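Ligands are counted one by one from 1 in listed order, and the atoms in each one are counted from 1 as well. Model, not experiment: these values are computed from the prediction.
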Amino acid sequence: MDPTPRYVPLDARGWRLAMGLRPLDLRNWLELDEHYERDLAEKSGLLDRCFDVVVATEPEGDAGSRELLREVQDFLRRVHPEVATRVDENEHPIVAASRLVQEDLCVLVKDDEWRLRAACVCFPSRWDLAQKIGTTLDAIHGPVPHYDEVLARPTNGFFDRLGPERAFWRLNWTLLDSAALHQPSAARVAPSGQLADWFFRVERQTLRQLPSTKAIVFTIRTYVTSAATLARSDGDFVPALLYAMESASPATQAYKGWTGVAARLRDALVAK
Ligand code: HEM
């Protein structure tokens, strides 16, 4: 867990569903930090114990995955020459690539539509990779409230326009009652109103098109920080968090497992 988070993407205007894409300098494509070895060891354990939960591939994603592996190795050799880039040639390239970085990796390929064709996701935020493989962006986001009316068109348009010369990144956040990185089961409503039981979970996501295969790579880097620690270090955190949670629609609150949580946190804080 990070004592001081890199990203606290709370919006003072309250909850917003937005693409929020920003240009990405590819020298900053992937982020390595002091938890590098710990996270890679956790991935390795998950790949041993529950490979089918964290990996899903289809033949349509093989060429893109091979190109992704080369890109990851090139990036590490250029930007982080201190880390090893040797891989097991017998492994699927998306698994081999994923063992080199803290990010989760997804490859999307266009036929009729953009579809998820290969992924190694060891640290999902309460979704099930097996249900998403082979499906379109719209289907992947089926459970996300308001996605279809607000984000489906711009996201599909963005995928169609994205070229290899420009890359982007965005942030997603949620509040969960567990610090675990690997959370493949669906959101649940947790009862606790104690800040100490909650964790601020931020995903830094990047999007880029690979120059040769034209597959699109989606990376997810997950940062988890104790909400109580954040509250101690930043006086604005708790008011902004409670406002963001309460200004989300009831459907969003239910999807996120937040229903009633902000009120319980506030009551507990007032009672202190
Ligand atoms: C511009 C691109 C994208 C945007 C704007 C976007 C937006 C979102 C948003 C707003 C959520 C809800 C998360 C939350 O509130 O906690 C979400 C969830 C999700 N996104 Fe995306 N996303 C994008 C690309 C992708 C891609 C390429 C994948 C490919 C794997 C993906 C996979 C998912 C999954 C699996 C979920 C969870 C869905 C569930 O709960 O079943 N997203 N996305």
**Prompt:** What do you reckon, does Trp173 have a nitrogen or oxygen under 3.5 Å from a nitrogen or oxygen of ligand 1?
**Reply:** no
**Request:** Check each heavy atom of Lys132 against ligand 1 and say whether those closer than 4.0 Å belong to the side chain, the backbone, both or neither.
**Result:** side chain
**Asked** Hey, looking at atom 4 (C) of ligand 1, which of Arg170, Arg16, Arg126 has the closest heavy atom?
**Response** Arg170
**Message:** For the residue pair Arg126 / Ser185, report whether a side-chain donor-acceptor contact shorter than 3.5 Å exists.
**Reply:** no
**Asked** With no hydrogens and no angle check, do the side chains of Tyr223 and Glu31 hold a donor and an acceptor under 3.5 Å apart?
**Response** yes
**Request:** Check whether NZ of the Lys or CZ of the Arg Lys256 lies under 6.0 Å from the centre of the six-membered ring of Trp15 and within 45 degrees of that ring's axis.
**Result:** no
**Prompt:** Which residue owns the protein heavy atom closest to atom 42 (N) of ligand 1, what's the atom, and how far is it?
**Reply:** His141 NE2, 2.8 Å
**Complete:** For Leu17, the atoms of ligand 1 under 4.0 Å from one of its heavy atoms are 10 (C)
**Message:** I need the atoms of ligand 1 closer than 4.0 Å to a non-hydrogen atom of Phe159, numbered in the order shown.
**Reply:** 27 (C)
**Message:** Please work out, at 4.0 Å between heavy atoms, whether the side chain, the backbone, both, or neither of Asn172 comes within that distance of ligand 1.
**Reply:** side chain
**Request:** Show which atoms of ligand 1 fall inside a sub-4.0 Å distance from at least one heavy-atom site of Met19.
**Result:** 1 (C), 5 (C)
**Request:** Could you list which atoms of ligand 1 come closer than 4.0 Å to a heavy atom of Leu108?
**Result:** 27 (C)
**Asked** Can the ring centroids of Trp258 and Trp198 be said to lie less than 6.0 angstrom from one another?
**Response** no
**Request:** Between Thr155 and ligand 1, find which residue part has any heavy-atom pair under 4.0 Å and reply side chain, backbone, both or neither.
**Result:** side chain
**Message:** Check this for me: does any side-chain nitrogen of one of Glu58 and Arg115 sit under 4.0 Å from a carboxylate oxygen of the other?
**Reply:** no
**Request:** Could you find the nearest protein heavy atom to atom 34 (C) of ligand 1 and give me its residue, atom name and distance?
**Result:** Ile140 CG2, 3.8 Å
**Asked** Where's the contact between Leu137 and ligand 1, heavy-atom distance under 4.0 Å: side chain, backbone, both or neither?
**Response** side chain
**Asked** For atom 12 (C) of ligand 1, which protein heavy atom lies nearest, and how many Å away is it?
**Response** Val144 CG1, 3.5 Å
**Contact check: Tyr255 vs ligand 1, nitrogen or oxygen atoms, below 3.5 angstrom** = yes
**Matching residue for Val101 among Val72, Thr219, Val83 - test: side-chain contact (heavy atoms from CB on, under 4.5 Å)** = Val72
**Asked** Taking the six-membered ring of Trp29 as reference, does the NZ or CZ atom of Arg208 fall below 6.0 Å from its centre and within a 45° cone about the axis?
**Response** yes
**Ion pair check, Arg170 and Glu203, cut-off under 4.0 Å** = no
**Message:** Starting from atom 29 (C) of ligand 1, what is the nearest protein heavy atom, named by residue and atom, and what distance separates them?
**Reply:** Phe218 CD2, 3.6 Å
**Message:** Distance alone, cut at 3.5 Å: any donor-acceptor contact between the side chains of Trp114 and Asp160?
**Reply:** yes
**Message:** If you take the nearest heavy atom of each of Arg115, His146, Lys256, which one is closest to atom 16 (O) of ligand 1?
**Reply:** Lys256
**Prompt:** For ligand 1, is Leu207 a contact, meaning one of its heavy atoms is under 4.0 Å away?
**Reply:** yes
**Prompt:** Yes or no on salt bridge (charged side-chain N to carboxylate O under 4.0 Å, His left out) for Arg117 and Asp111, after CA distance, side-chain angles and deciding distance?
**Reply:** CA-CA 11 Å; Arg117 293 302 192 181; Asp111 39 52; 2.8 Å; yes
**Message:** Looking only at the side chains, is there a donor atom on one of Asp62 and His92 sitting less than 3.5 Å from an acceptor on the other?
**Reply:** yes
